[in-house]
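Shown next, in structure tokens, is the structure this report addresses.
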Amino acid sequence: MNKLEQYIRQQREQKELLLMTHIVLGYPSYDDSMRVVESMVEAGVDLMELQIPFSEPMADGPVILHANSEAIRAGATVDGCLEMAEKITAQFDIPFVFMTYYNILFSQGVMPFVENMQRIGIQGAIIPDLPPEEGRDYIAAMRTHGLSPIHIFTPNSSPQRMQTLAENSDGFVYTVARKGVTGKETQFSAELDGYLADCRAATDLPLALGFGVKTRADFDFIRGKADMAVIGSETIKVMEQGGVAAVKPFIAGILRE
Amino acid sequence: MKHSGYFNQFGGAFIPEILVPTFDQLEAAYLEAKADPAFWAEYKQLMSTYSCRATPITYAENLTHHFGGAQIYIKREDLNHTGAHKANNVMGQGLLTRRMGKKRVIAETGAGQHGVATATMAAKFGFDCTIYMGAVDVERQRPNVFWMEQMGAEVVAVEDGSRTLKDAINEAFRDWVTNMDDTHYALGTACGPYPFPEMVSWFQSIIGTEARQQMLERVGKLPDRVYACVGGGSNAMGLFSGFLDDPEVELVGVEAGGRGSGIGEHAARLAYDDASVGVAQGYKTYFLQNRDGQMQDTHSVSAGLDYVGVSPILADMHETGRARFEAATDAEVVEAMKLTVQKEGLIPALESSHAFVQAFKDAADMHSDQVILINQSGRADKDIFTVADAIDDPKWKQFIIAKADEYKKANPELAIAGGV
Ligand SMILES: Cc1ncc(COP(=O)(O)O)c(C=O)c1O
């Protein structure tokens with residue numbers, strides 16, 4: 001069991017459902033990203049996804065897409081994001097994983113990128129356009145460095161496919177609640193139960209459930225069904241509407257006892 | 001996925017997990033159709049009754065004399081229904097969509113040519129249709145938007161990123177990851193994840209297969225060189241497919257040189273040194289990107305060639321030296337087009353005119369018993385606004401001003417409104 005999975009299991013002994021949140025590095029600026037991370041950690045999130053912006057974020061919906069292009073327009077670079085991630089991991093005590101698209105790794109070289117991740121204390125990565133068939137070098141590099149390659153289960157995944165994805169994953173598996181891109185509406189209803197049962201049957205790894213999670217009610221619904229809920233687009237919207245200061249009360253509202 | 005879809009280091013299928021079963025289904029349908037002679041027979045029948053296949057080759061006698069070198073022949077893809085080679089791919093994918101039992105098609109479009117072809121196919125087959133088009137392209141290709149809408153397609157102007165072809169492709173994928181159950185994404189060029197590059201090239205191979213036979217019948221020998229413009233690479237792959245086993249035939253692809261070399265000034269991924277290997281839009285090829293791997297803006301007078309990536313099959317042919325790649329600048333393209341209109345009465349699209357530029361440069365240095373073949377991938381009716389601007393035709397401007405005044409008087413409420 002690697003470090004990330006161990007952490008998730010330990011947290012789960014104290015809490016029934018963990019919370020992972022997401023930010024786009026450099027949106028709207030590096031300073032703001034830093035303040036958002038601080039707010040989220042103080043509000044009690046258990047894990048965070050740091051997205052390195054890419055010009056072609058094919059799997060992302062309008063909110064995160066906009067954040068990606070604005071971050072790049074504002075001057076975010078891969079080196080800048082790595083520096084920033086290094087500061088974040090030094091300052092905060094929860095695990096962080098990268099989310100980005102394969103070209104970001106490919107341009108730097110997969111091996112140097114993974115070595116960098118290890119050096120700066122990032123514990124895993126989600127690369128939504130890199131299926132395991134195309135990512136053998138990446139998966140091997142992550143594993144030799146003790147980092148978690150995290151793959152995605154979807155409502156379209158067959159049991160065999162889930163098996164393959166799980167075998168190629170460490171840390172946890174990211175299950176998307178529905179078809180489509182990030183940030184659209186999701187009906188959290190009993191229909192999810194069958195799918196989540198299939199996910200559970202396919203792997204012993206912890207399960208994170210994301211796509212469309214935005215309210216306390218969604219969070220409560222997921223409790224007992226997955227190990228971790230993921231909030232992505234919604235916190236970006238909260239920040240866009242209420243500024244960085246709105247983020248902490250929003251997260252605290254989701255997590256309050 | 002049974003097949004990796006690689007052409008040496010290029011290609012692959014870098015797709016979001018949600019689409020894995022959809023690509024499995026598409027691959028199966030494609031391989032089944034390819035193995036079924038009845039499918040190709042049905043396809044040829046459709047293309048000969050609904051479009052204008054076989055398209056002829058035309059001997060460009062006046063241009064040949066003008067340059068005084070190689071004999072110039074032109075493959076007339078402009079005579080397809082909807083005015084470009086795009087119909088070949090779209091009708092093939094329409095037949096596949098029907099085989100897969102899907103009821104809706106979506107597509108990206110740059111010039112609007114592929115969008116019009118897809119809307120036509122959807123109308124004919126009774127599919128619902130949504131076309132994604134960069135907002136910049138919507139502005140410069142209004143006549144095509146008009147026809148797509150007339151055929152019942154919904155045209156979505158994409159406002160993200162550079163608001164051109166690559167952004168339209170991203171947006172089509174975003175639709176597809178939601179609606180894959182009843183929707184087929186009819187990608188318009190020999191790019192994207194496997195099986196698209198190979199499948200689109202297969203449908204377009206009808207160009208090269210016909211051309212090879214026509215040259216043998218008409219001229220009694222194969223051409224020494226064949227020329228095609230290269231956007232994503234589908235008309236080039238179509239033409240080249242006919243001559244892959246003829247090493248004596250030189251294959252020449254011509255990219256958009258725009259305002260000349262330097263990133264942001266053009267869309268030449270192979271001919272200039274500004275591109276590097278990367279992975280985006282689901283496949284690995286040469287992209288016009290920065291060192292971080294962020295895609296950069298491109299420029300071309302022709303919307304259909306204004307794209308950051310290029311067919312992985314052509315990238316491989318570039319690497320192995322099987323094909324030669326050149327670039328034609330905007331200014332050269334307009335000149336070549338004007339000359340072709342004046343000398344032959346043919347109206348090559350601005351995209352196609354790129355191929356003419358290089359062919360003209362080469363023809364003059366060749367011997368009169370040598371033969372070249374240019375693919376006229378489309379006709380320029382759709383480009384009339386751009387061409388009229390490039391030629392700076394005063395009578396055209398007078399006409400537009402008069403027409404605008406007429407609309408303004410009749411519809412004062414429209415005079416301030418903009419948009420799609
Ligand atoms: C007439 C014409 N030729 C060429 C192209 C370029 O596409 P491809 O390189 O796939 O042939 C286009 C694209 O829209 C087109 O409309």
Side-chain angles (χ1 to χ4, degrees), chain A residues 52-62 65-66 68-73 76-82 100-108 113 126-135 151-158 161-162 164-165 173-176 178-184 211, chain B residues 1-6 9 11-25 158-163 166-167 169-181 183 192-194 276-285 287-297 308-309:
Chain A
I52 302 176
F54 180 46
S55 58
E56 317 301 312
M58 188 201 256
D60 282 303
L65 164 64
H66 176 76
N68 272 264
S69 40
E70 286 305 307
I72 294 168
R73 207 197 311 268
T77 60
V78 175
D79 287 343
C81 290
L82 292 175
T100 195
Y101 289 81
Y102 181 51
N103 205 37
I104 300 293
L105 282 73
F106 183 81
S107 298
Q108 304 241 323
F113 189 89
I126 303 168
I127 315 292
D129 64 344
L130 191 64
E133 290 82 355
E134 300 285 4
H151 291 91
I152 298 171
F153 285 179
T154 81
N156 286 2
S157 308
S158 66
R161 184 68 189 171
M162 286 186 181
T164 306
L165 294 165
V173 169
Y174 192 123
T175 63
V176 300
R178 54 157 171 76
K179 296 168 191 165
V181 290
T182 53
K184 297 270 165 72
F211 275 36
Chain B
M1 278 169 281
K2 295 180 212 78
H3 193 291
S4 72
Y6 273 94
Q9 64 160 317
F14 297 82
I15 52 175
E17 190 57 39
I18 189 95
L19 286 176
V20 166
T22 311
F23 273 85
D24 285 346
Q25 178 196 25
V158 178
E159 298 283 356
D160 303 306
S162 60
R163 302 152 79 225
K166 76 175 176 63
D167 309 286
I169 292 177
N170 289 334
E171 213 47 38
F173 271 108
R174 292 189 185 104
D175 180 319
W176 210 19
V177 299
T178 312
N179 301 308
M180 73 292 278
D181 291 344
T183 299
Y194 172 81
S276 53
V277 179
V279 178
Q281 312 217 294
Y283 68 111
K284 186 189 282 187
T285 192
F287 285 102
L288 289 161
Q289 56 183 342
N290 68 12
R291 56 176 287 276
D292 270 1
Q294 311 292 5
M295 298 302 135
Q296 300 297 292
D297 285 349
V308 286

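Letters A, B, ... are given to chains in the order of the sequence lines, protein chains preceding strands, and every chain is numbered from 1. Treat the numbers as computed from the prediction; the structure is a model and nothing was measured. Just the heavy atoms: all of them, side chains too, but no hydrogens, waters or symmetry mates, feed the values below.
In this structure, chain A has a heavy atom under 4.5 Å from the side chain of Pro21(B), while its backbone stays farther away. For Gln296(B), no part lies near chain A; criterion is any non-hydrogen pair under 4.5 Å. Heavy-atom distances place no part of Asp175(B) under 4.5 Å from chain A, backbone and side chain included. Heavy atoms closer than 4.5 Å to chain A are found in both the backbone and the side chain of Asp292(B).
Here the CZ-CD1 distance, from Phe211(A) to Ile152(A), works out to 6.0 Å after rounding to the nearest 0.5 Å. For the atom pair Trp176(B) CH2 and Ile15(B) CD1, the distance stands at 8.0 Å (nearest 0.5 Å). To the nearest 0.5 angstrom, Ile18(B) atom CD1 is 13.0 Å from Phe153(A) atom CZ.
Most heavy-atom pairs under 4.5 Å with chain B, from the set Leu65(A), Ile104(A), Val181(A): that is Leu65(A). Most heavy-atom pairs under 4.5 Å with chain A, from the set Asn170(B), Thr22(B), Asn290(B), Val308(B): that is Asn170(B). Of the listed residues (Pro128(A), Pro155(A), Ala59(A)), the greatest number of heavy-atom pairs within a distance under 4.5 Å of chain B belongs to Pro128(A). When Asp60(A), Leu105(A), Ile127(A) are compared by the number of non-hydrogen pairs under 4.5 Å with chain B, Asp60(A) comes out ahead.
A donor-acceptor pair is defined here as one N or O able to donate and one able to accept, closer than 3.5 Å; such a pair exists between the side chain of Gln281(B) and the backbone of Lys166(B).
With sequence neighbours excluded, the residues forming a ring pair (Phe, Tyr, Trp, His ring centres under 6.0 Å) with Tyr102(A) are Phe106(A), Phe14(B), listed by chain and number.
Arg73(A) places none of its side-chain heavy atoms less than 4.5 Å from the side chain of Pro53(A).
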